[in-house]
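Everything on this sheet refers to the single structure shown next.
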Amino acid sequence: MIRTTQDRIEEIKKNGYTLDFGNVFNHAFENYKKIALYGGLVFFVFMILMSIFAIVVLFSIFDAKTVLEKLKPENLKPENLSLNSMLIFSGVSLLITCLLSPFSAGLIKMAYCAERDEEFHVSTMFEYYKAPYFKELFIATFLVTIVSSILSAVINYAQIPVLEFVVSITIGLFTILMIPLIIFGKLKAVEAIQASILIVSKQPIVILGLFVVGIIAVLVGLIGCCIGIVFTIPFMYSLYYAIYSEIIGFESEPEFE
């Protein structure tokens with residue numbers, strides 16, 4: 001009998017699970033070595049194309065003088081933004097974050113392919129920009145980002161910056177398995193969020209340690225030449241894959257039903 005993702009989640013809910021920090025880290029690092037160069041190059045090219053697209057859109061809507069004026073650092077500070085500008089900025093940021101979630105899913109799928117020595121291509125990164133994955137990834141990211149933004153706004157109003165950082169890290173931590181649960185576990189958006197929170201709550205310290213080490217590993221790319229970070233960012237996606245693999249595992253090929 002094939003054990004489904006839901007079966008495994010129910011098992012975790014009742015009995016919990018064990019997770020070894022060293023095993024997961026080594027798993028992630030070995031996987032990262034297989035995707036670092038290719039993933040970094042694709043990520044770099046994608047970011048350049050996104051930047052060019054954003055610039056073209058801005059200059060097609062506003063004249064050059066207005067764009068340059070609005071992009072001055074002092075004009076981007078929240079306290080200097082009008083309500084309309086803040087709403088537009090928040091809406092655009094939310095939309096971009098949601099639209100990028102399938103790309104993140106593609107990087108995790110690349111880690112999956114690398115583990116099995118399967119070929120992966122640029123198309124792998126964009127595999128989840130199609131139904132039904134896109135809808136679930138978009139909805140899940142939208143819900144998490146909205147909650148995060150509302151909490152950040154409330155905390156900003158209360159002027160407690162440290163609490164804002166803690167809340168941001170906490171939300172990122174407890175939704176760390178959201179995307180893998182959608183693309184590999186075949187869960188719907190809300191189910192994936194709920195399951196991720198449940199799973200992380202059983203081993204929060206170990207997963208937090210892995211999360212922090214992953215962030216530090218990515219930031220190593222800033223040393224010497226900042227462009228190096230595009231080649232360390234894929235480590236986080238290998239880490240997401242390794243955590244999911246160690247906790248949930250794979251019983252069959254990921255195929256959304």
Side-chain angles (χ1 to χ4, degrees), residues 8 12 16-44 47 97 100-101 103-116 120 125 140-141 144-145 148 152 161-185 192-193 195-250:
R8 177 59 179 150
I12 289 171
Y17 60 93
T18 58
L19 190 66
D20 184 89
F21 181 97
N23 288 343
V24 177
F25 180 83
N26 290 334
H27 187 172
F29 186 69
E30 290 302 316
N31 182 273
Y32 165 70
K33 290 191 292 185
K34 297 179 180 180
I35 70 169
L37 182 60
Y38 194 87
L41 286 172
V42 173
F43 188 84
F44 180 64
M47 288 299 105
T97 301
L100 286 178
S101 60
F103 182 75
S104 298
L107 286 168
I108 298 173
K109 177 61 183 294
M110 179 187 288
Y112 173 91
C113 293
E115 180 83 1
R116 288 154 181 75
F120 47 83
M125 310 292 186
T141 305
V144 171
T145 306
S148 180
S152 293
V162 174
L163 182 58
E164 182 179 0
F165 174 76
V166 172
V167 169
S168 178
I169 290 293
T170 301
I171 292 175
L173 173 68
F174 280 88
T175 57
I176 196 171
L177 292 173
M178 178 183 75
I179 291 178
L181 283 165
I182 290 173
I183 64 174
F184 298 133
I193 294 171
S196 182
I197 292 171
L198 168 68
I199 293 166
V200 174
S201 68
K202 297 294 183 178
Q203 288 283 1
I205 303 303
V206 176
I207 297 178
L208 175 61
L210 290 164
F211 189 57
V212 171
V213 169
I215 292 173
I216 293 171
V218 169
L219 294 178
V220 168
L222 294 173
I223 298 175
C225 181
C226 291
I227 197 174
I229 195 168
V230 300
F231 295 101
T232 53
I233 283 175
F235 178 77
M236 285 301 296
Y237 297 98
S238 288
L239 184 62
Y240 298 154
Y241 166 78
I243 293 173
Y244 180 88
S245 178
E246 294 287 336
I247 297 174
I248 303 295
F250 299 93

Interatomic distance, [X] atom [atom1] to [Y] atom [atom2] [nearest 0.5 angstrom]:
{"X": "His27", "Y": "Glu246", "atom1": "NE2", "atom2": "CD", "answer": "6.0 Å"}
{"X": "Ser152", "Y": "Ile171", "atom1": "OG", "atom2": "CD1", "answer": "6.5 Å"}
{"X": "Leu173", "Y": "Ser196", "atom1": "CG", "atom2": "OG", "answer": "8.5 Å"}
{"X": "Ile215", "Y": "Leu210", "atom1": "CD1", "atom2": "CG", "answer": "11.5 Å"}
{"X": "Leu107", "Y": "Ile179", "atom1": "CG", "atom2": "CD1", "answer": "9.5 Å"}
{"X": "Leu239", "Y": "Phe25", "atom1": "CG", "atom2": "CZ", "answer": "8.5 Å"}

Using a 3.5 Å distance criterion without hydrogens, assess whether the side chain of [X] forms a donor-acceptor pair with backbone atoms of [Y].
{"X": "Ser201", "Y": "Ile197", "value": "yes"}
{"X": "Asn31", "Y": "Ala111", "value": "yes"}
{"X": "Thr141", "Y": "Ser101", "value": "no"}
{"X": "Ser245", "Y": "Tyr241", "value": "no"}

Side chain to side chain, [X] and [Y], heavy atoms closer than 4.5 Å:
{"X": "Leu177", "Y": "Ile247", "result": "yes"}
{"X": "Arg8", "Y": "Tyr17", "result": "yes"}
{"X": "Ile248", "Y": "Ile12", "result": "yes"}
{"X": "Leu37", "Y": "Phe231", "result": "yes"}
{"X": "Phe211", "Y": "Met236", "result": "yes"}
{"X": "Leu219", "Y": "Thr232", "result": "no"}
{"X": "Ile108", "Y": "Tyr244", "result": "no"}
{"X": "Val230", "Y": "Met47", "result": "no"}

What is the minimum heavy-atom distance between [X] and [Y], and which atoms define it?
{"X": "Leu181", "Y": "Ile199", "result": "CD1-CD1, 4.2 Å"}
{"X": "Gly22", "Y": "Asp20", "result": "N-OD2, 3.1 Å"}
{"X": "Ala114", "Y": "Phe120", "result": "CB-CE2, 3.8 Å"}
{"X": "Pro234", "Y": "Gly39", "result": "CG-C, 4.0 Å"}
{"X": "Phe235", "Y": "Gly214", "result": "CE2-CA, 3.8 Å"}

**Prompt:** Is the Tyr237 to Tyr240 ring centre distance short of 6.0 Å?
**Reply:**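 Yes, close enough.
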**Asked** Are Tyr112 and Phe250 an aromatic pair by the rule of ring centers under 6.0 Å?
**Response**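 Yes.
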Does [X], at its [atom1] atom, have more than 12 non-hydrogen atoms belonging to other residues, nucleotides or ligands within less than 6.0 Å?
{"X": "Phe29", "atom1": "CZ", "result": "no"}
{"X": "Phe21", "atom1": "CZ", "result": "yes"}
{"X": "Phe44", "atom1": "CZ", "result": "no"}

**Prompt:** Would Phe184 and Lys109 satisfy side chain to side chain contact (heavy atoms under 4.5 Å, CB included), going step by step from the backbone distance to the final call?
**Reply:** CA-CA 9 Å; Phe184 298 133; Lys109 177 61 183 294; 4.2 Å; yes
